[in-house]
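Here is the structure we will look at, set down as structure tokens.
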Amino acid sequence: MPDTKPVRVRMAPSPTGFFHVGSARTALFNFLLARHSGGTFVLRVEDTDQTRGTAEYEQVIYDALDWLGLFPDEGPKQGGGFGPYRQSERFETYATLAEQLLESGKAYYAFETSEELAQMRADQAANKQAPRYNGAHRDLTAEQIEAFRAEGRKPVLRLRVPEGETRFDDIVYGSITWKNSEIDDFVIAKSDGGPTYNFACAVDDHLMEISHVVRGEDGLSNTPRQLLVYQAFGWAAPIFAHLPFLLGPDRKKLSKRNGSVNLLDFGTRGVLPDAMFNFLSLLGWNPGKGETQEIFTRQELVERFTLEAVNKAGAIFDEERLAWMNAQYLKALPMEEFLNLVRPSLEQYDLSDEAYAHKAVEMTRERLHGLPDIARGDDAAKYYGVANFGNGANYFFSDEYPMDAVGAAKHLTPENMALLEKLTEKLEALNSFDAAAIEGAIRAQSAESGVKVAALVHPTRLVVSGKTVGPSLWELLEVLGRDRVLRRLKTENIQ
RNA sequence: GGCGCUAUCGUCUAUCGGUUAGGACGUCGGCCUUUCACGCCGGUAAGACGGGUUCGAUUCCCGUUAGCGCUACCA
């Protein structure tokens, strides 16, 4: 590593109203690289498009980054020595620099209207030609420029792309070469004076002394254009590393059309930030060397991460695997934290008996799914996660809980109800209402009535919880306590 | 259309010319058991296709096919 320049990476989202998980993955890899190399993680807001929302949408970016735990070292909020960090506040810089290019002859005015350009492209398409700016205004004379101005036309500034080819070494994709003839004289300054993406991006990356441009695969095609801007200014280019896309189940670029893409929605659904961090880091990257470990702490990830180990092929965002991974983290979470996590879904209940609530949550937690998806049609009684934890623990806190209809039809038969009456008497007679005694009573009743233990267990569980599944029955009854159990058994709340 | 990129089990991936192609998710079967879940054990399943290079290719090269991306006064 002869390169001793300090590592400075950036995440450059545009405020669009929600934070895409793909952007989160890109931000994460930048963050990992910065922390791994003791570098700086910069947040730059690309809000040059005035037609899109900005102010309130910017907050979404902070919320998302905070949630995932990716705290920028420099950015609009935290400041830094390379600000401002909002492109909308850097227009003068772009204008000044674009002007420089105009004066040096590296850029020129072009006066075509949008309509004329659209027509030009249509003609090219009709002639099966590549739609590219034809360079008609490349060498306008001062008189011609004045004439266009007199017409009231507002010019754009186009970069005069030289002959030859542009190549660069991408850390992930290797050597990439483009013929400059494939790149037209693209616009660097719009007619309203604002910069275009490729220009602003190159200018900012240079001025902010970004050492590694780590971004999505779609940036690959834009890189030659940006390199041309560096070249026009005579600037040294940064190192590029493009990341393969995150794909939907249909193998198309992940979007709202083919899946959940809002990072914060996963949090709402009960995904732990640590789990998402771990999951995302393993999409398109892995420690290699035959490593079979799947669960890594943030620190382990920071230590092992290298751009060289990033894959080239796109990766499908598999929610099943996310669910599994989230479950791993959920199980390892200290009870106190877990309790706070599920508290919102239990808000309608009285949790003042802390010891009881603690026990109820603990018993229910062992059965939760990593990322429930009721919409998929799963049995809500079986699959629940953090977000709808209350559905799995409702019966602990209220006598009003839904009765599983299928289970009731199967187990709450007249014969079984008669058995339950006898069992209820036995339970009522118990001196100590503990698991061992309860089990003893149920087994005794089983033997006495000549039925299998299951013939008593299932109906009892149904009546006291409304569910066909749940914790060990003896322990469950002990925790629920004599009062609740007997009350429910006697009420036969089966509807 | 042009240009660019990609291609190992259904999915995420390991492999840096020689392996019974490994792990994980999912799935299937079994164990545990009062149910479900957990856990444990076991099974299933892959180098897109065709050419080269080589003693030997999943691995290197070329082509085909497929997918994706760029081709805006969006970012």
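The model shown is predicted, which means the values in this text are computed figures rather than measured ones. The figures that follow rest on heavy atoms only: side chains count, while hydrogens, waters and symmetry mates do not. Naming convention: chains lettered A, B, ... in sequence-line order (proteins, then strands); numbering from 1 in each chain.
Comparing the C1' positions of B:U71 and B:U11 gives an interatomic distance of 32 Å, to the nearest angstrom. Using atom P as the reference point in both B:A57 and B:G18, the two lie 11 Å apart (nearest Å). Rounded to whole Å, the C1' atom of B:C31 lies 50 Å from the corresponding atom of B:G69. A gap of 33 Å separates the C1' atoms of B:C74 and B:U65, to the nearest Å. With both ends at atom P, the span from B:C5 to B:G22 equals 32 Å, rounded to whole Å.
For A:Gln328, the listed nucleotide lying nearest its side chain is B:G39; candidates were B:U6, B:G39, B:U35.
Residue A:Lys179 is classed as having no contact, given no heavy-atom separation below 4.0 Å to the nucleic acid. Nucleic acid contact for A:Arg44: none, since no nucleic acid atom lies under 4.0 Å from a heavy atom of the residue. Counting any heavy atom pair closer than 4.0 Å across all strands shown, A:Thr460 reaches no nucleic acid atom. Note on A:Pro224: nothing from the nucleic acid sits closer than 4.0 angstrom, heavy atoms only. Here A:Lys331 lies in heavy-atom contact (under 4.0 Å) with sugar-phosphate atoms only. Using a 4.0 Å heavy-atom criterion, one finds that A:Ile183 contacts no nucleic acid atom at all. Among the atoms of the strands shown, only primed sugar atoms or phosphate atoms (P, OP1, OP2) are found under 4.0 Å from some heavy atom of A:Phe245.
The salt bridge (charged side-chain N to carboxylate O under 4.0 Å, His left out) search around A:Glu475 returns none, not counting sequence neighbours.
Judged by the 6.0 Å and 45° rule, A:Arg488 forms no cation-pi pair with A:Tyr401.
Between A:Leu322 and A:Val271, some side-chain heavy-atom pair lies under the 4.5 Å cut-off.
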Legend entry - Sequence-aligned protein contact record of nucleotides 7-16 of chain B, with B where the base is within under 4.0 Å of a protein heavy atom and S where only the sugar-phosphate is: S---SSSSS-

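The list of salt bridge (charged side-chain N to carboxylate O under 4.0 Å, His left out) pairs with a residue in residues 115-125 of chain A, not counting sequence neighbours, reads A:Glu116-A:Arg153. For residues 446-459 of chain A, every residue pair satisfying the side chain to side chain donor-acceptor pair (under 3.5 Å) rule, not counting sequence neighbours, is listed here: A:Lys426-A:Glu448, A:Gln445-A:Ser449.
In this structure, A:Glu217 atom CD and B:C5 atom P are separated by 11 Å, rounded to whole Å. The distance between atom CG of A:Leu462 and atom P of B:C36, rounded to the nearest whole Å, is 14 Å.
Pairing of B:U11, defined by two Watson-Crick or G-U wobble distances under 3.5 Å, is identified with B:A24. The nucleotide B:U64 finds its pairing partner in B:A48, both defining distances of the Watson-Crick or G-U wobble pair being shorter than 3.5 Å.
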Please list, for nucleotides 70-73 of chain B, all pairs of protein and nucleotide N/O atoms separated by less than 3.5 Å.
residue : atom : partner  : partner atom : Å
B:C70   : O4'  : A:Ser221 : OG           : 3.2
B:C70   : O2'  : A:Arg225 : NH2          : 3.2
B:U71   : O2'  : A:Pro131 : O            : 3.3
B:A72   : OP2  : A:Pro131 : O            : 3.4
B:C73   : OP2  : A:Arg158 : NH2          : 3.4
B:C73   : O2   : A:Ser191 : N            : 2.9
B:C73   : O2   : A:Ser191 : OG           : 2.8
B:C73   : N3   : A:Ser191 : OG           : 3.0
B:C73   : N4   : A:Glu112 : O            : 2.9

Short N/O separations, protein against nucleotides 42-49 of chain B, under 3.5 angstrom:
none

